Amino acid sequence: MRAAVCPEYGAPDVVRIEERTAPRTGPGQVGVRVDAAAVNFPDVLLVAGNYQVSVPPPFVPGSEFAGVVDEIGPQVADFAVGDAVTGTAVFGAFAERVVVDAAGLAPIPAGIDTFSAAAFGVAHRTAYHALRSMARLSAGDELVVLGAGGGVGLAAVQLAATMGAHVTAVASSAEKLDVARIYGADRTVNHRDGALREALRVLLPDGADAVLDPVGGDLSEPALRSLNRGGRHVTVGFASGVIPRIPLNLVLIKGIHVLGFQFQDVPVDEFTRNERELRDLHASGRVTPHVGAVYSLDETVAALRHVGEGRAIGKVLIDLT
């Protein structure tokens with residue numbers, strides 16, 4: 001099979017396309033012929049050796065995919081050859097075939113194609129669980145979304161609007177903000193046009209109820225300052241590459257809640273509810289992912305650069321059909 005391989009840690013340019021022996025399934029595992037793989041920012045970090053977990057090279061990067069089951073290992077009862085599935089793994093998705101534990105797979109709802117499924121999973125799940133269980137977002141709430149043009153940010157804009165919240169989208173270009181408006185943003189701010197703190201003060205004179213922050217860096221503090229008393233600031237990552245330092249007096253004075261999101265911190269009953277609700281939103285067509293760019297497997301380096309340089313709008317996919 002053909003696969004993108006990271007032979008050593010470094011910039012996206014180190015990745016090469018190679019012929020590799022297709023992996024075989026073991027107990028509890030499922031083989032999937034990959035149709036599409038999504039490129040996420042952690043993939044860039046993993047190739048660079050800068051992610052929170054490391055994989056010794058050589059390895060096949062890629063953590064999110066969708067395709068069709070072509071082999072079932074022993075002790076697997078929930079899937080059959082021919083099933084359309086989506087899945088996640090730390091690595092291995094940028095290849096014509098991937099083998100994963102059955103627990104890492106989910107069936108694709110009827111009527112949803114594999115490309116939409118590949119683009120939907122990680123970003124929309126992260127955004128929805130963070131909004132529903134951490135930010136405790138309700139209809140009528142004022143929400144500020146940082147990085148609103150990226151995968152998680154744009155998903156959050158769309159989902160929050162669907163939940164009845166009022167969304168202020170913050171991003172780095174007019175093009176990203178145009179797309180955010182299409183997906184439900186009520187107000188937009190290009191943070192490169194001036195001080196974010198002042199812009200949010202003008203747009204939200206009574207303050208925001210919640211902030212969703214996948215960016216970090218210099219944007220976190222002004223967004224935190226925009227919160228009203230008892231507001232919730234949910235951090236889901238640091239796409240800027242800079243971990244912010246927050247003055248705790250702001251938290252004390254306003255009684256602000258600063259929350260970190262990890263899937264494992266969502267209570268089991270809420271996790272099950274959130275997954276069901278999100279699946280229904282996708283299957284009904286009320287929520288759909290925005291695919292901003294599609295690359296071939298041979299263009300994997302370009303796809304990684306696209307995401308790593310912050311140029312992605314919504315999701316970036318690699319086409320393996």
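Bear in mind that the values here come from a model prediction, so they are computed numbers and not experimental data.
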Report task. Decide, yes or no, whether a salt bridge links K315 with E64 under the criterion of side-chain N to carboxylate O below 4.0 Å. Result -> yes
Query - Flag if over 12 foreign heavy atoms under 6.0 Å of CG, D218 - result: no
**Report entry** Same apolar cluster (I L V M F W Y, side chains within < 4.5 Å links), F115/V291
**Finding:** yes
**Report entry** Exam field: side chain S133 to backbone A130, donor-acceptor pair closer than 3.5 Å
**Finding:** no
Query raised in the report: Are the side chains of H129 and E270 in touch, meaning some heavy atoms are under 4.5 Å apart?
Result: no
Report task. Using a strict 4.0 Å threshold on nitrogen-to-oxygen distance, state whether E309 and R311 make a salt bridge. Result -> yes
Query raised in the report: Are a donor atom and an acceptor atom from the side chains of D206 and N228 found within less than 3.5 Å of each other?
Result: no
Requested in this report: For S63 and D43, test the side chains for any donor-to-acceptor distance below 3.5 angstrom and give the result as yes or no.
Outcome: yes
Query raised in the report: So does R232 pair up with D141, basic N to acidic O under 4.0 Å?
Result: yes
Report task. Check the angle between the aromatic planes of F271 and F263 and answer parallel, tilted or perpendicular using the 30° and 60° thresholds. Result -> perpendicular
Query raised in the report: Linking I/L/V/M/F/W/Y whenever any side-chain heavy atoms sit under 4.5 Å apart, do Y51 and V15 land together?
Result: yes
Requested in this report: Check whether any side-chain heavy atom of T168 lies under 4.5 Å from a side-chain heavy atom of V145, and answer yes or no.
Outcome: no
Query raised in the report: Are D13 and R305 close enough for a salt bridge, meaning some N to O gap below 4.0 Å?
Result: yes
Report task. Treat each ILVMFWY residue as a node, draw an edge where side-chain heavy atoms are under 4.5 Å apart, and state whether L227 and M134 are in one component. Result -> no
Report task. Please answer: with hydrophobic residues joined when any side-chain heavy atoms are less than 4.5 Å apart, are V53 and F91 in the same cluster? Result -> yes
Query raised in the report: Between the main-chain N or O of V215 and the side-chain N or O of S240, is there a donor-acceptor pair closer than 3.5 Å?
Result: yes
Requested in this report: Search all heavy atoms of Y183 against all heavy atoms of P289 and return the closest pair with its distance.
Outcome: OH-O, 4.2 Å
Query raised in the report: Is any side-chain heavy atom of L224 closer than 4.5 Å to a side-chain heavy atom of V211?
Result: no
Query - Side chain to side chain, R20 and V60, heavy atoms closer than 4.5 Å - result: yes
Requested in this report: Check whether any side-chain heavy atom of I72 sits under 4.5 Å from a side-chain heavy atom of V81, and report yes or no.
Outcome: yes
**Report entry** Steps toward side-chain contact (heavy atoms from CB on, under 4.5 Å) verdict (V39, F94)
**Finding:** CA-CA 9 Å; V39 185; F94 297 168; 3.9 Å; yes
Requested in this report: Decide yes or no for L46 and V90: does some side-chain heavy atom of the first lie under 4.5 Å from some side-chain heavy atom of the second?
Outcome: yes
**Report entry** Any donor-acceptor N or O pair under 3.5 Å, side chains H233, S220
**Finding:** no
Report task. Show the numbers, then the answer: is there a salt bridge (Lys or Arg N to Asp or Glu O under 4.0 Å) between R132 and E277? Result -> CA-CA 10 Å; R132 191 84 161 86; E277 292 175 348; 2.9 Å; yes
**Report entry** Presence of salt bridge, R181 and D186, under 4.0 angstrom
**Finding:** no
Requested in this report: Show the numbers, then the answer: is there a salt bridge (Lys or Arg N to Asp or Glu O under 4.0 Å) between D280 and R286?
Outcome: CA-CA 9 Å; D280 290 345; R286 292 177 63 199; over 6 Å; no
Report task. Before accepting this row, confirm whether a basic side-chain N of the pair E221/R245 lies closer than 4.0 Å to the acidic partner's carboxylate O. Result -> no
**Report entry** Identified side chain to side chain contact (heavy atoms under 4.5 Å, CB included) counterpart of L146 within the set V152, L219, T235
**Finding:** L219
**Report entry** Short N-O contact, R97 and E71, less than 4.0 angstrom
**Finding:** yes
**Report entry** N-O pairing of R225 and E198 below 4.0 Å
**Finding:** no
Report task. Measure from the ring center of F120 to the ring center of H124 and say whether it is less than 6.0 Å. Result -> yes
Query raised in the report: Any chain of hydrophobic side-chain contacts (each under 4.5 Å) joining V301 to L317?
Result: no
Query raised in the report: Regarding D319 and S296, is there a side-chain donor-to-acceptor distance under 3.5 Å anywhere?
Result: no
